[in-house]
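The block underneath contains the structure these notes are about, expressed in structure tokens.
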Amino acid sequence: MESRRPTPCVRASEVPSSPEAVEPSEAYSEDGVDVSLIRWMLELGPKERLEAAQDMIDTVWMLREAAEA
Amino acid sequence: MRQQKPRYFQLLQLLSSHDVDFIVVGGVAAILEGAPITTLDLDIVYERSGENLERLMEVLRTVKASYRDPAGRHIVPTVDRLATNRMNLLKTDLGPLDVIASISGADYEDLLESTRTRQVAELRLQVLELAKVIETKELANRDKDRAVLPVLRKTLELKAQ
């Protein structure tokens, strides 16, 4: 399965020209939830969401097998 | 013995191809609804008619299902067990599968009105709505449920925006 990464939450047109002016938007809500990951998942369809979860499992399994080798 | 790697899609494909009537609940339902969480098992609530239990048993035989018995005994599911047990926590060739007759007193028929049909590739799945997943986890109130609730609640909030 193709691996996917979270898409940026800020549009290119919204990025200030001066790097000093950049203030990252809050990725975490007040209760510590990573909102950027939720927004990323909500951009995906159900099939892609399931694939993302499966990718995670596959990666963990691969790392576990490598550690045991 | 090492546990098999979960393969959600293949399990769902097998259940669908055998015309099993079931609802996807728990963590995989939350994932399908957009929550960025992980889970190792697929939880389903099944319809308990005799015909459906036979279809479900056929799938369970195909994936060599047995109970995740803490004592390590090899106990296989049967139609009788599926008809009477509320929770059937199984290991299969395609990973852990929790086959559940009812959650918090609600069975397949009760939960059906709180589902939505999700198209996942060629599969049409009945998936428990996120609000109902949250409700069931609040009622279960186990550590693992409480741990994931903030993410589920925030996902529901963002979906509504």
Side-chain angles (χ1 to χ4, degrees), chain A, chain B residues 2-13 15-16 24 26-43 94-96 115-130 133-134 146-161:
Chain A
M1 249 181 273
E2 181 187 330
S3 63
R4 292 172 179 76
R5 292 181 180 169
T7 52
C9 294
V10 180
R11 292 187 185 88
S13 59
E14 294 171 347
V15 176
S17 54
S18 163
E20 292 77 22
V22 174
E23 285 294 335
S25 57
E26 289 292 333
Y28 290 90
S29 66
E30 285 174 7
D31 47 7
V33 175
D34 189 336
V35 178
S36 68
L37 285 179
I38 296 176
R39 292 204 169 103
W40 165 63
M41 275 289 270
L42 291 177
E43 286 175 5
L44 306 177
K47 176 173 176 279
E48 293 167 308
R49 292 170 187 163
L50 198 62
E51 286 174 348
Q54 186 67 57
D55 284 348
M56 177 66 174
I57 296 283
D58 292 347
T59 303
V60 169
W61 240 254
M62 185 186 70
L63 291 171
R64 198 174 77 167
E65 284 173 359
E68 288 172 358
Chain B
R2 161 174 275 201
Q3 199 166 54
Q4 292 294 320
K5 181 171 76 174
R7 293 182 174 86
Y8 311 125
F9 186 77
Q10 284 89 336
L11 265 176
L12 292 167
Q13 208 170 27
L15 289 160
S16 296
V24 182
V28 174
I31 289 167
L32 288 168
E33 289 290 287
I37 62 168
T38 57
T39 183
L40 289 176
D41 53 8
L42 172 65
D43 299 347
L94 297 175
T115 65
R116 63 175 64 195
T117 306
R118 288 288 197 184
Q119 190 78 35
V120 180
E122 77 274 17
L123 310 181
R124 282 175 66 80
L125 303 172
Q126 292 304 121
V127 179
L128 198 64
E129 290 174 349
L130 186 55
V133 174
I134 291 170
R146 285 194 296 272
V148 80
L149 274 170
V151 178
L152 301 188
R153 290 185 184 125
K154 183 58 73 178
T155 303
L156 187 64
E157 184 187 317
L158 292 180
K159 273 167 76 83
Q161 288 176 3

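Each chain gets a letter, A, B and so on, in the order the sequences are listed, and its residues count up from 1. Any value given below was found using the heavy atoms of this structure, including those in side chains, with hydrogens, waters and symmetry copies removed.
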Gap separating the [atom1] atom of [X] from the [atom2] atom of [Y], nearest 0.5 angstrom:
| X | Y | atom1 | atom2 | value |
| --- | --- | --- | --- | --- |
| B:Leu40 | A:Met56 | CG | CE | 9.5 Å |
| A:Ile57 | B:Arg7 | CD1 | CZ | 11.0 Å |
| B:Leu32 | A:Leu50 | CG | CG | 5.5 Å |
| A:Gln54 | B:Ile31 | CD | CD1 | 9.5 Å |

Within the side chain of B:Gln119, is there an N or O that forms a donor-acceptor pair under 3.5 Å with the backbone of A:Lys47?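 No.
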Pair A:Glu65, B:Lys5 - check side-chain contact (heavy atoms from CB on, under 4.5 Å), show working. CA-CA 11 Å; A:Glu65 284 173 359; B:Lys5 181 171 76 174; over 6 Å; no
Measuring heavy-atom distances to chain A, does B:Leu12 have an atom under 4.5 Å in its side chain, in its backbone, in both, or in neither?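 For B:Leu12, the contact with chain A is made by the side chain alone.
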Atom group of B:Val28 that falls short of 4.5 Å from chain A, counting heavy atoms: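 The side chain, not the backbone.
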Quick one: of B:Gly27, B:Ala121, B:Gly95, who has the most non-hydrogen atom pairs under 4.5 Å with chain A?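 Among B:Gly27, B:Ala121, B:Gly95, the one with the most close pairs to chain A is B:Ala121.
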Of all the heavy-atom pairs spanning A:Met41 and B:Gly34, show the shortest one and how long it is.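 Smallest heavy-atom distance, with atoms named: CB-O, 3.2 Å.
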Decide side-chain contact (heavy atoms from CB on, under 4.5 Å) for B:Thr38 and A:Val60; before the verdict, give the C-alpha distance in whole Å, the side-chain angles of both, and the deciding distance to 0.1 Å. CA-CA 11 Å; B:Thr38 57; A:Val60 169; over 6 Å; no
